[in-house]
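Below is one structure; the comments refer to it alone.
Since the model is a prediction, treat every value here as computed from it, not as a measurement. Basis for what follows: all heavy atoms, side chains included, without hydrogens, waters or symmetry-related copies.
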Amino acid sequence: MYVDFPPGPTIPPYLQTLRWFYRPIPFMQQARRQYGETFSVTFIRFERPMVLFSDPAAIKELYINPAHTLPPGRELLLEPVMGPRSILLLEGSDHLSRRKLMLPPFHGERMRAYEDVMEEVIHAEVDSWRIGESFPIHTRMQAVTLEIILRAVFGVTDPERLVKLRQVLGRVLEKTASPGLQLLGLTTRNLKRGPWAQFQAMLREVDVVLHQEIAERRNDPTLAEREDILSLMLMARFEDGAPMSDDELRDQLMTLLLAGHETTATALAWTFDLLLRHPQVLGRLREELIDGGEEYLRAVIAEGLRIRPVIPLAGRRLTSELEVDGIVLEPGTDATPCIWMTHTRADIYRDPFAYRPERFLGEAPDTYAWIPFGGGVRRCLGAAFAEFEMKVVLREVVGRCALEGVDPNPQRIARRNITLSPRDGTPVVVRSRRDSAVGAPAPA
């Protein structure tokens with residue numbers, strides 16, 4: 001049967017928006033208790049309510065149809081930062097042609113080309129930690145993922161340029177992490193003064209530095225020998241033989257930065273939070289790493305992404321009917337899988353709120369019951385890169401030092417930009433460190 005929209009919270013849209021930005025999990029929990037696994041939410045500046053659901057069968061039907069378009073709202077929040085040519089914002093043939101062009105560097109054996117850089121970055125980071133030192137590991141993982149992006153994705157090797165990019169991009173990344181800035185962007189974007197105008201000035205500074213890097217790389221005589229992702233994109237060609245323009249390269253670099261920095265750092269912070277509160281899992285992981293295995297490491301990553309998904313939604317605007325829980329949604333409806341709700345369905349995952357990496361040993365869950373990277377033709381372009389990066393970082397940190405959680409209680413969930421992050425950054429303390437991933441403890 002057709003319905004206008006499934007029932008949902010009846011509070012005003014501005015209150016729904018505030019609760020979604022600042023208390024997303026309690027907001028979803030309450031709506032789930034009141035309305036079930038499918039309900040609608042109304043956000044400010046959106047044209048109509050958005051339907052949230054968690055049924056894997058409906059998720060599959062949504063994602064296998066490439067004709068569905070993006071829901072409104074993404075361009076409101078992302079275009080001012082990523083730019084109008086971002087692969088996350090393009091539709092139809094424009095999106096598919098860029099996905100085809102950009103996908104090869106992120107798949108298969110290509111990952112091995114980045115392993116040395118990842119190891120070098122995480123080794124330097126761990127070596128900077130002092131015995132007895134306490135710090136929020138989320139912050140340190142942000143530094144690691146930024147450095148990996150600058151070197152493996154942007155391909156920057158010049159020390160002075162690295163310092164400059166760390167500074168200007170770090171400021172932008174910190175600003176984009178603020179949900180308050182998003183709200184300001186939604187409501188005060190046209191003002192020529194204030195925080196949003198200051199943020200736009202910051203972005204212009206970033207653009208200058210990125211365009212300098214692109215111009216210099218185009219003229220690099222060793223371009224054909226380089227393996228970083230920017231160089232590969234510079235050499236790639238569309239089907240008509242045309243290269244990406246400088247403006248488009250800028251937009252895709254900002255997209256890769258914003259999509260791959262905070263998300264991976266947050267996923268790592270959540271994984272450490274879970275590991276340090278489950279010593280039996282950490283012990284088993286360490287034993288496997290000493291033996292040179294990786295199966296349990298992959299399971300640890302998958303379970304962390306299940307129980308603490310970084311991105312809450314990945315929706316579409318329907319171009320054809322979609323049946324969800326006996327309700328037929330009409331074309332034109334904005335509908336999105338609620339990733340956290342899907343990952344915590346008791347009919348899919350036994351004891352769904354328990355942390356059990358063993359779930360992912362042997363038979364894997366249905367493709368559309370585990371969707372931390374979305375799905376279909378818009379599945380995260382850098383999913384393989386992110387998982388590989390997490391594997392390298394976890395392998396090296398767990399193998400090279402012993403960490404202990406500062407707070408025995410689970411980290412509460414807070415919102416940073418579009419991510420669901422640990423509120424206090426997962427505070428840890430270093431108890432010992434090893435000279436290498438396998439070996440005797442280093443002197444204190």
Side-chain angles (χ1 to χ4, degrees), residues 9 15-33 41 43 52 77 125 129 133-146 170-186 195 258-279 281-282 300-301 303-313 338-344 352-355 372 386 390 393-394 397 403-430:
L15 287 178
Q16 294 187 48
T17 305
L18 286 172
R19 291 200 64 197
W20 174 255
F21 269 94
Y22 290 104
R23 293 183 57 80
I25 298 299
F27 181 65
M28 287 185 280
Q29 287 175 319
Q30 183 178 351
R32 183 189 229 174
R33 286 194 298 267
V41 177
F43 298 121
L52 276 62
L77 296 173
E125 175 61 34
W129 300 347
E133 179 183 16
S134 174
F135 54 88
I137 203 168
H138 188 196
T139 303
R140 302 318 311 154
M141 291 301 100
Q142 288 171 317
V144 166
T145 57
L146 175 57
R171 290 197 295 268
V172 167
L173 289 167
E174 185 58 34
K175 287 293 185 182
T176 58
S178 166
L181 184 70
Q182 292 185 50
L183 285 173
L184 280 172
L186 285 172
L258 290 165
H261 167 262
E262 184 69 33
T263 52
T264 307
T266 300
L268 284 164
W270 279 125
T271 303
F272 283 113
D273 177 58
L274 293 163
L275 283 172
L276 295 177
R277 289 187 296 100
H278 295 83
V281 175
L282 180 58
V300 164
I301 292 170
E303 175 71 345
L305 290 170
R306 180 196 71 83
I307 199 169
R308 290 290 185 269
V310 174
I311 303 296
L313 307 175
C338 182
I339 297 173
W340 176 82
M341 284 173 47
T342 302
H343 288 184
T344 54
F353 298 101
Y355 176 62
M390 289 185 68
V393 170
L394 287 167
V397 172
L403 299 177
E404 185 178 292
V406 172
D407 186 350
N409 298 311
Q411 283 281 285
R412 295 181 63 187
I413 295 172
R415 191 179 182 90
R416 285 177 58 89
N417 197 342
I418 60 172
T419 65
L420 304 181
S421 301
R423 184 180 296 276
D424 299 318
T426 308
V428 302
V429 62
V430 182

Measuring from Leu52:CG to Ile339:CD1, what's the distance to the nearest 0.5 Å? 10.5 Å
What's the verdict on side-chain contact (heavy atoms from CB on, under 4.5 Å) for Val397 and Trp129, showing C-alpha distance, side-chain angles and the deciding distance? CA-CA 11 Å; Val397 172; Trp129 300 347; 4.1 Å; yes
Out of curiosity, Ile307 CD1 to Thr271 OG1, how far, rounded to the nearest 0.5 Å? 11.0 Å
So which heavy atom on Met141 is nearest to which on Phe272, and how close? SD-CE1, 4.1 Å
Only residue of Val428, Val144, Leu276, Val406 satisfying side chain to side chain contact (heavy atoms under 4.5 Å, CB included) with Ile137 is Val428
Can you sort out the partners of Trp20 under side chain to side chain donor-acceptor pair (under 3.5 Å), two or more places apart, ordered by chain and number? none
Looking only at heavy atoms, what is the nearest atom pair of Thr426 and Ala269, with distance? OG1-O, 3.1 Å
Of all the heavy-atom pairs spanning Leu420 and Pro312, show the shortest one and how long it is. CD1-CB, 4.0 Å
Rounding to 0.5 Å, atoms CG (Leu258) and OG1 (Thr263) come to a distance of 9.5 Å
Given Leu18 and Phe27, is the side-chain contact (heavy atoms from CB on, under 4.5 Å) satisfied, shown in steps? CA-CA 10 Å; Leu18 286 172; Phe27 181 65; over 6 Å; no
Just verifying a value: how many Å separate Arg415 CZ and Arg423 CZ, rounded to the nearest 0.5 Å? 12.5 Å
Going through the checks in order, is the side-chain contact (heavy atoms from CB on, under 4.5 Å) test met by Val393 and Thr264? CA-CA 10 Å; Val393 170; Thr264 307; over 6 Å; no
Glu262 and His138: side chain to side chain donor-acceptor pair (under 3.5 Å), yes or no, with the steps? CA-CA 9 Å; Glu262 184 69 33; His138 188 196; 3.2 Å; yes
Return the set of residues passing side chain to side chain donor-acceptor pair (under 3.5 Å) with Asp407 (not counting sequence neighbours), or none when no residue passes. Asn409
Under 4.0 Å between a side-chain nitrogen and a carboxylate oxygen: does that hold for Glu174 and Arg171? no
Within the 4.5 Å heavy-atom criterion, are Thr344 and Arg32 side-chain neighbours or not? yes
Looking at every non-hydrogen atom in both residues, tell me the closest pair between Pro422 and Gln411 and how far apart they are. CB-OE1, 3.4 Å
Give me the atom names and distance for the closest heavy-atom approach of Glu303 to Ala354. OE2-O, 3.2 Å
Tell me the closest heavy-atom pair linking Gly304 and Leu274, and the distance in Å. CA-CD1, 3.9 Å
Enclosure of Arg23 CZ (heavy-atom neighbours >12, cutoff 6.0 Å): no
Report the C-alpha separation of Trp270 and Leu305 in whole Å, then their side-chain angles, then the decisive distance to 0.1 Å, and conclude whether the side-chain contact (heavy atoms from CB on, under 4.5 Å) test is met. CA-CA 8 Å; Trp270 279 125; Leu305 290 170; over 6 Å; no
So OH of Tyr355 and CZ of Arg308: to nearest 0.5 Å the spacing works out to 10.5 Å
Roughly how far apart are Gln142 CD and Arg140 CZ, rounded to 0.5 Å? 9.0 Å
